[in-house]
Amino acid sequence: MEQTVEQYLEFGLRNLWYPVLASWEVSSRPVGITRLGENIAVWRDENGAVHAIEDRCPHRGARLSLGWNLGNRLACWYHGVEVRFDGVVEDVPAVSSCPMTGVKCVKSYHVQEKHGAIFIWFGVDDAEEPKPLSLPEQMGNDEWSSFLCMADWKVNYQYAVDNVMDPMHGSYLHSASHSMSEGDKSAEMQHRATEHGFIFEKVGQSGVNFDWVEYGETGSPWLRLSIPYKKQFGPGGVFWIVGFATPIDENNTRVFFWRCRQVQGWQRDVWRFLYRNHLEKLHWDVLEQDRLVLENMAPNARQHEFLYQHDVGLSRLRRMYKKEAQKQLQQWQEVKTRQQGEDLVSANVNAAQQDKVGNHG
Ligand code: FES
Ligand SMILES: [Fe+2]
């Protein structure tokens, strides 16, 4: 059955980098995750480099992440098959010679570690090289200081994206929060193009509440906004949020929010101290309000909506996603056709090898 654009989008657009884990979550033990519906084993080698391969042992399908970290490869817990970072089987210790050895049997992923998180490339065509990844400056450089905060929400990622594309909810859902209690409760909204995407904003009010949001794509899709802090929260000015919604599967999302301030020297220390001891809790309360609403939306809410002027931003982004999904679906079909041709060839090779195995018996 042909996949529709909507079905394709349930698992997330591809040809993009996504943050999948915080750096601190991966040490020497392999970690098994699901992102964009794919099971992936992630580990760090002895030099600290992070690797990611399909979390499926080519022998009989055990999860490789349950096995052992041998540096440049994982050993399956079930019967010891060793699979390298590039997906090639390095050794099958249980038998003296095995046709699996030296063959690329599982998918391997491109990985980058940046700003305290691990990013993985999800392509449509594995034969294609990934796009370069650049990220908003707020996430960390000499002038900026940031904290990464993550949560897993039981909702499709599209709801999480829509939520950030909707600044007006700040004045209602978060009206009792530490940062969003001020400003007008009604507004005109407008959008304008930016270098990497577009801004959706309130007309005539900025620097008061959650008044604007920017969608951008620089190899990875992000959302950016700023909200003023009250005076008592250290060195004045706004704080910034750069957010990502990474699909886990069609019903679950991991959200990543970098909370950032442009502070240096002692002010940076003050803010980092205040954040850890006071602000982090307040931010969590806000995020919990979002989670509560999103996890309890009506079934298939996105299919029965009555949108109004404040939803122009999310409608615009949905149209962009849809257009891109159409392109990717077509590319996907082409890749499938090509692979079917390749499979036919390797099926013949396999049949010859199975004959050999049979002969040993
Ligand atoms: S299933 Fe992994 S070695 Fe057998
Ligand atoms: Fe919110």
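First listed ligand is number 1; within each ligand, the first listed atom is number 1. Numbers here are sequence positions counted from 1. Side chains included, hydrogens not; waters and symmetry mates left out as well; all remaining heavy atoms used.
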*Asks:* Relative to the heavy atoms of G80, which atoms of ligand 1 are at a distance of less than 4.0 Å?
*Replies:*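 Ligand 1 atoms under the 4.0 Å threshold to G80: 3 (S).
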*Asks:* Do D211 and V208 come within less than 4.5 Å of each other through their side chains, counting heavy atoms only?
*Replies:*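 Yes, side chains in contact.
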*Asks:* Write the atom name of the N, O or S atom in D290 that is nearest the Fe ion (ligand 2).
*Replies:*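 Considering only N, O and S atoms, D290 comes nearest to the Fe ion (ligand 2) through OD1.
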*Asks:* Of Q326, Q330, Q331, E324, which meets side chain to side chain donor-acceptor pair (under 3.5 Å) against Q328?
*Replies:*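 In the set Q326, Q330, Q331, E324, the residue that makes a side chain to side chain donor-acceptor pair (under 3.5 Å) with Q328 is E324.
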*Asks:* Is the distance between the ring centroids of F244 and W258 less than 6.0 Å?
*Replies:*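 That pair passes the under 6.0 Å test.
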*Asks:* With atom 4 (Fe) of ligand 1 at the apex, how many degrees lie between ND1 of H79 and ND1 of H59, rounded to 10 degrees?
*Replies:*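 For ND1 of H79 and ND1 of H59, the angle centred on atom 4 (Fe) of ligand 1 reads 90°.
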*Asks:* As an exercise, identify every atom of ligand 1 less than 4.0 angstrom from a heavy atom of C76.
*Replies:*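 The atoms of ligand 1 under 4.0 Å from a heavy atom of C76 are 1 (S), 2 (Fe), 3 (S).
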*Asks:* Can you name the atoms of ligand 1, numbered from 1 with element, that are less than 4.0 Å from a heavy atom of V81?
*Replies:*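 Numbered from 1, ligand 1 contributes 3 (S).
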*Asks:* Do V106 and Y78 sit in one hydrophobic cluster, given that two such residues count as connected whenever their side-chain heavy atoms are within less than 4.5 Å of each other, even indirectly?
*Replies:*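 No; tracing contacts between hydrophobic side chains, which count when under 4.5 Å, never links both residues.
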*Asks:* Students should be able to answer this: which protein heavy-atom is nearest to atom 1 (S) of ligand 1, and at what distance?
*Replies:*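 Nearest protein contact, heavy atoms only, for atom 1 (S) of ligand 1 is R60 N, 3.4 Å.
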*Asks:* Is it possible for you to check whether R272 lies under 6.0 Å from the centre of the six-membered ring of F147, through NZ or CZ, and within 45° of that ring's axis?
*Replies:*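 R272 over F147 ring: yes.
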